[in-house]
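Beneath this line is the structure, given in structure tokens, with notes to follow.
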Amino acid sequence: MKMLLKKMGQLSTEYLDRFSGADQPTLYYNPNGIFSGLIEYLPQLKQKYRPTPWLANAHAHILYLDLIKKRTIKLRYDLLEQLKMSDGGITGIAWYGLDLPANTPTIVLLHTITGSPESMRELVRDLHKYTGWRVALCLRRGHAHLPMPVPKINLFGSTQDLREQLLYIQDKFPQSELYGVGSSAGTGLLVRYLGEEGEQTPLKAAFALCPGYNMETGFDFVHPFYSKVMTKKLIKRFIQPYQETWQVCPSWKRLLEVKDLSEFEQLYFELAGFKDYVSYTQATNPIYVFENVKIPLMILNSEDDPICNIRNLEPHKDKIRAMPNIVVITTKRGSHCGFYQGLMQTESWATRLMADYLIHLSRGPAAVSA
């Protein structure tokens with residue numbers, strides 16, 4: 001009887017695996033680099049990722065994230081601070097874990113393209129729960145209804161603003177080690193900053209969740225439905241409410257008519273403070289400085305992501321395999337920033353991975369070379 005039940009359980013698991021697309025992650029990295037030993041300490045990478053069966057469809061996965069998780073997760077931040085940048089612009093930091101000891105590590109979290117404290121609650125909550133660390137959600141200009149006294153905004157954020165936010169965090173918690181996490185569009189800011197700073201960054205390690213890699217081409221592969229919906233959100237949240245601010249930018253009205261992300265990204269450069277699209281991309285596209293990233297960086301993409309399409313990764317695989325400090329992980333399913341697992345009590349496989357990765361690296365140089 002026990003053997004029969006065991007066999008039935010195995011058949012059930014095999015059926016669910018086929019239905020949900022469960023499979024072991026694929027890894028791209030330099031076998032002579034730091035991740036050759038580190039991966040052995042991350043058991044998730046040696047086991048199958050089993051998506052929640054009823055979220056096997058990428059679109060169902062996104063709807064679950066946007067319509068249920070983002071709206072039902074309850075989290076009260078300790079403090080929402082507004083920071084005045086050197087040019088007079090306003091950014092912010094939403095804190096969680098302010099009462100932790102001063103030497104507790106801090107995760108610097110960079111949000112999505114229309115991210116807010118509310119939309120990032122699940123990731124903030126789970127990163128804190130899994131690591132026990134402080135989380136500083138760095139808010140970009142115009143997000144979370146921040147005032148916009150200076151006519152300047154960037155879909156992917158400003159590295160100068162991030163430097164000033166990091167200095168503020170360091171001043172507030174000088175004994176705290178800093179670790180970076182970027183989600184979707186936040187990965188563009190994270191990698192651009194890391195590439196500009198090289199070894200000078202105070203961040204000890206970083207994790208990029210669902211990046212688009214080359215921002216000049218990444219929007220071309222976004223599923224048309226999401227491209228249209230996200231463009232409407234950008235106009236509603238960052239253009240229409242600040243019309244008086246944008247009066248000094250002659251091109252702003254054209255943005256009210258755009259229909260997709262690619263068109264928006266190619267037209268809004270003046271609002272980002274640049275004279276033309278070329279100078280904007282040269283100053284902000286992370287792909288131009290990607291090879292200058294020096295700290296450990298783990299990247300996660302799903303092959304069924306309808307927003308940051310897996311085709312964005314293809315031109316960069318050889319470059320990644322040559323770099324000693326970067327690993328890219330891909331899964332067959334997971335959609336965009338979801339990666340849920342479990343049947344009724346769903347949780348993010350990705351957040352558990354990033355937490356275990358950062359905790360292991362926080363143990364010092366011996367952990368990196370393990």
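All heavy atoms count here, side chains included; hydrogens, waters and symmetry mates do not.
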Next on the checklist: Does K46, at its NZ atom, have more than 12 non-hydrogen atoms belonging to other residues, nucleotides or ligands within less than 6.0 Å?
Outcome noted: yes

Checklist entry - Distance from T131 atom OG1 to D356 atom CG, nearest 0.5 Å? => result 10.0 Å

Checklist entry - Are K317 and E314 ion-paired here, with the side-chain N under 4.0 Å from a carboxylate O? => result yes

Next on the checklist: Taking the basic N atoms (NZ, or NE/NH1/NH2) and the acidic carboxylate oxygens, is any pair closer than 4.0 Å for E196 and R192?
Outcome noted: yes

Item to check | Test ring pair (Phe, Tyr, Trp, His ring centres under 6.0 Å) applied to Y340 and Y49, W349, Y64, the passing residue | outcome: Y64

Next on the checklist: Can you confirm whether the side chains of D161 and Y193 place a donor and an acceptor under 3.5 Å from each other?
Outcome noted: no

Item to check | Salt bridge present between E122 and R71 (N-O < 4.0 angstrom) | outcome: no

Next on the checklist: Using modelled atom types and a 3.5 Å cut-off, is there a donor and acceptor pairing between side-chain atoms of D126 and backbone atoms of T351?
Outcome noted: no

Checklist entry - If you take all heavy atoms of V150 and G88, which pair is closest and at what distance? => result CG2-C, 3.6 Å

Item to check | Parallel, tilted or perpendicular: ring planes of H59 versus H223, cut at 30 and 60 degrees | outcome: perpendicular

Next on the checklist: The test is side chain to side chain donor-acceptor pair (under 3.5 Å); show your working for Y242 and E244 and say whether it passes.
Outcome noted: CA-CA 6 Å; Y242 302 106; E244 291 186 8; over 6 Å; no

Checklist entry - Considering all heavy atoms of both residues, which atom of L139 and which atom of A94 are nearest to each other, and what is their separation? => result CD1-N, 4.4 Å

Item to check | E164-S86 side chain donor-acceptor pair, cut-off 3.5 Å | outcome: yes

Checklist outcome for this item: From the list L127, V124, L137, L123, side-chain contact (heavy atoms from CB on, under 4.5 Å) with I107 holds only for L127

Checklist entry - With a 3.5 Å cut-off and no angle check, do the side chains of Y168 and E81 form a donor-acceptor pair? => result yes

Checklist entry - Under 3.5 Å, side chain of Q341 to main-chain N/O of T52, donor-acceptor pair present? => result no

Checklist entry - Out of I329, L361, I39, I326, which one pairs with M298 under the side-chain contact (heavy atoms from CB on, under 4.5 Å) rule? => result I329

Checklist entry - Counting distance only, does the side-chain N/O of T72 pair as donor-acceptor with the main-chain N or O of I68 below 3.5 Å? => result yes

Item to check | Spacing of CE belonging to M120 relative to SG belonging to C337, to within rounding of 0.5 Å | outcome: 8.0 Å

Next on the checklist: Other residues, nucleotides and ligands only: do more than 12 of their heavy atoms fall within 6.0 Å of NZ on K129?
Outcome noted: yes

Item to check | Flag, side chain of S176 to backbone of F173, donor-acceptor distance under 3.5 Å | outcome: no

Checklist entry - Who passes side-chain contact (heavy atoms from CB on, under 4.5 Å) against A136, sequence neighbours left out? => result I93, W95, T106, I169

Checklist entry - With a 6.0 Å cut-off on ring centres, are Y226 and H336 close enough? => result no

Checklist entry - H128 side chain to W133 main-chain N or O, any donor-acceptor pair under 3.5 Å? => result yes

Checklist entry - Is the distance between the ring centroids of Y280 and Y268 less than 6.0 Å? => result yes

Item to check | H111 (side chain) donor-acceptor with P117 (main chain) under 3.5 angstrom | outcome: no

Checklist entry - Can any side-chain N or O of S227 pair as donor or acceptor with the backbone N or O of P224 at less than 3.5 Å? => result no

Next on the checklist: Using modelled atom types and a 3.5 Å cut-off, is there a donor and acceptor pairing between side-chain atoms of N292 and backbone atoms of G198?
Outcome noted: no

Checklist entry - Taking the six-membered ring of Y96 as reference, does the NZ or CZ atom of R134 fall below 6.0 Å from its centre and within a 45° cone about the axis? => result no

Next on the checklist: Run the side-chain contact (heavy atoms from CB on, under 4.5 Å) test against N309 and tell me which residues pass, sequence neighbours left out.
Outcome noted: F221, R311, N312

Item to check | Heavy-atom pair with the smallest gap, counting every atom of W246 and F238 | outcome: NE1-O, 3.0 Å

Checklist outcome for this item: Note: R50 and A22 closest approach over all heavy atoms is CG-CB, 3.7 Å

Next on the checklist: Between N325 (side chain only) and V293 (backbone N and O only), is there a donor and an acceptor less than 3.5 Å apart?
Outcome noted: yes

Item to check | Carboxylate-amine/guanidinium proximity below 4.0 Å for K294 and E199 | outcome: no

Next on the checklist: Distance check, rounded to the nearest 0.5 Å: I113 atom CD1 versus S184 atom OG?
Outcome noted: 7.0 Å

Checklist entry - What's the shortest heavy-atom distance between W252 and Q243, and which atoms? => result CH2-OE1, 3.4 Å

Item to check | Full working for side chain to side chain donor-acceptor pair (under 3.5 Å) between D304 and S302 | outcome: CA-CA 5 Å; D304 71 343; S302 173; 2.4 Å; yes

Checklist entry - Would you say the ring centroid of H316 lies under 6.0 angstrom from that of Y28? => result no

Item to check | D87/R141 ion pair, N-O < 4.0 Å | outcome: yes

Checklist entry - For atom NZ of K84, is the number of surrounding heavy atoms from other residues, nucleotides or ligands below 6.0 Å larger than 12? => result no

Next on the checklist: By the definition side-chain hydrogen bond (donor to acceptor under 3.5 Å, both in side chains), identify the one residue from E216, Q266, E265 that meets it with Y277.
Outcome noted: E265

Next on the checklist: Restricting to non-hydrogen atoms, name the atom on R140 and the atom on A185 that form the minimum distance, rounded to 0.1 Å.
Outcome noted: NH2-CB, 4.2 Å

Item to check | Donor-acceptor side-chain pairing of D220 and T217 below 3.5 angstrom | outcome: no

Checklist entry - Should R163 and E197 count as an ion pair when the cut-off is N to O under 4.0 Å? => result yes

Item to check | S251 versus E270, side-chain donor and acceptor atoms under 3.5 Å | outcome: yes

Checklist entry - So, does N57 use its side chain to make a donor-acceptor pair with the main chain of A60 at under 3.5 Å? => result yes

